[in-house]
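Nothing here was measured: the structure is a model prediction, and the numbers come from that model. Below, each value reflects all heavy atoms present in this structure, side chains not excepted, and no hydrogens, waters or symmetry copies.
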Amino acid sequence: MEVNVLNVSGKETGAKVQLPDSVFGVEPNDHAIYLDVKQFLANQRQGTHKAKQRNEIAGSTRKLHKQKGTGGARAGSIKSPLFNGGGRVFGPQPRDYSFKLNKKLKQLARKSALTYKAQDNSIVVLEDFNFDSVKTKNYVQLVADLNFTNEKTLLVLPAANNNIYLSSRNLKKAKVITADQLSTYDVLNAGKLLLTTGSVKTLEEAFAK
C-alpha cells in the first residue's frame with residue numbers, strides 16, 4: 001500500500017512511502033486481537049482489592065447467647081458474616097491478573113490492528129520532524145493542520161523524542177509512543193494513526209524478526 005508523505009503543516013511533500021503488506025496487509029485475526037487487548041487491560045489492574053474475613057476482624061470471639069432456647073438463630077461471635085461489621089464471606093483478595101501470551105500471537109494481533117487501520121484509511125505518514133522546544137501549542141498546531149483536532153491520535157516515532165512527547169502530554173486526545181512501545185490496544189483506541197517515515201521502517205524491521 002503506497003501513501004503520500006505529509007509535512008507537519010499537513011501539505012504533501014511529493015514523496016511516497018510503501019506500507020509493507022507483511023505488516024499492514026495481513027489477514028486480520030480478531031481472536032488474536034481480543035486476547036492481546038484482554039492481556040493489556042489485565043496488566044493495568046493493580047489487584048490490590050481486599051476484604052476482611054472473620055478471622056481478620058477486630059472484635060470479641062465470645063458466643064453472643066446460648067445455643068438453644070432463645071427462639072432465634074444460632075449465633076457465634078460478633079465477627080460472624082451474619083452481623084453488620086462482621087467478616088465477609090468469599091470477599092476479594094489481592095491477586096495478579098496478568099497472564100502470558102505467545103510472542104507470535106501478540107505480533108499477529110498488532111499486525112491485524114495495523115491492517116484494520118490501513119483498510120480504514122486511518123493511517124497518515126509524516127516526514128521525520130522535531131520541535132525546537134517543549135510547547136503544547138506546537139503539537140496542537142500539528143494536529144489542527146492535519147484536521148484531526150477532534151480525533152484521538154496516536155503518533156508513533158522511531159525513537160524517543162522528549163520535545164515531541166512532552167509537547168503532547170497535556171492533550172487528552174493525543175498520545176505519542178515509540179515504535180517498540182506499540183500495542184494493539186493503543187492502535188485500536190486511536191482514531192487516526194500518525195507514522196513518520198522513520199517509524200514505518202522501524203516497524204517493518206521489528207516485525208521481520
request  = Just say parallel, tilted or perpendicular for the rings of F40 and Y185, cut-offs at 30° and 60°.
outcome  = parallel
inquiry  = Can you tell me which residue among R88, K50, K79 is in a side-chain hydrogen bond (donor to acceptor under 3.5 Å, both in side chains) with E56?
reply    = K50
request  = May I ask you to decide if A75's main-chain N or O and K63's side chain share a donor-acceptor pair within less than 3.5 Å?
outcome  = yes
inquiry  = Tell me which one of L154, I123, L146 satisfies side-chain contact (heavy atoms from CB on, under 4.5 Å) with L194.
reply    = L146
request  = Keeping the roles fixed (side chain from S183, backbone from D186), state whether a donor-acceptor pair exists under 3.5 Å.
outcome  = yes
inquiry  = What I'd like to find out is whether the side chain of D30 reaches to under 4.5 Å of the side chain of Y116, using heavy atoms alone.
reply    = yes
ask   = Does the side chain of H31 come within less than 4.5 Å of L35's, by heavy atoms?
value = yes
query = In terms of hydrophobic clustering (I, L, V, M, F, W, Y; side-chain heavy atoms under 4.5 Å; direct or indirect links), are L188 and L114 co-clustered?
reply = no
inquiry  = Is the shortest side-chain heavy-atom distance between F24 and L203 below 4.5 Å?
reply    = yes
note = The residue among V5, N7, L6 that forms side-chain contact (heavy atoms from CB on, under 4.5 Å) with L126 is L6
inquiry  = For a quick check under 3.5 Å, do S112 and N29 share a side-chain donor-acceptor pair by atom type?
reply    = no
message = Using only atom types and a distance under 3.5 Å, with no angle test, would you say the side chain of K201 pairs donor to acceptor with the backbone of P158?
response = no
query = For the side chain of T202 and the backbone of G198, is there at least one donor-acceptor N/O pair under 3.5 Å apart?
reply = yes
message = Please determine whether residues V187 and Y165 belong to a single hydrophobic cluster, defined as Ile, Leu, Val, Met, Phe, Trp and Tyr linked transitively by side-chain heavy-atom distances below 4.5 Å.
response = no
key: Other residues, nucleotides, ligands: >12 heavy atoms within 6.0 Å of K152 NZ   = no
request  = Using modelled atom types only, decide if a donor and an acceptor are shared between the side chain of S98 and the backbone of N43 within a distance under 3.5 Å.
outcome  = no
query = For the hydrophobic clusters of this structure (ILVMFWY residues joined by side-chain heavy atoms under 4.5 Å, transitively), does one cluster hold both L155 and V143?
reply = yes
inquiry  = For the backbone of I33 and the side chain of T184, can you confirm whether one donor and one acceptor N or O come within less than 3.5 Å of each other?
reply    = no
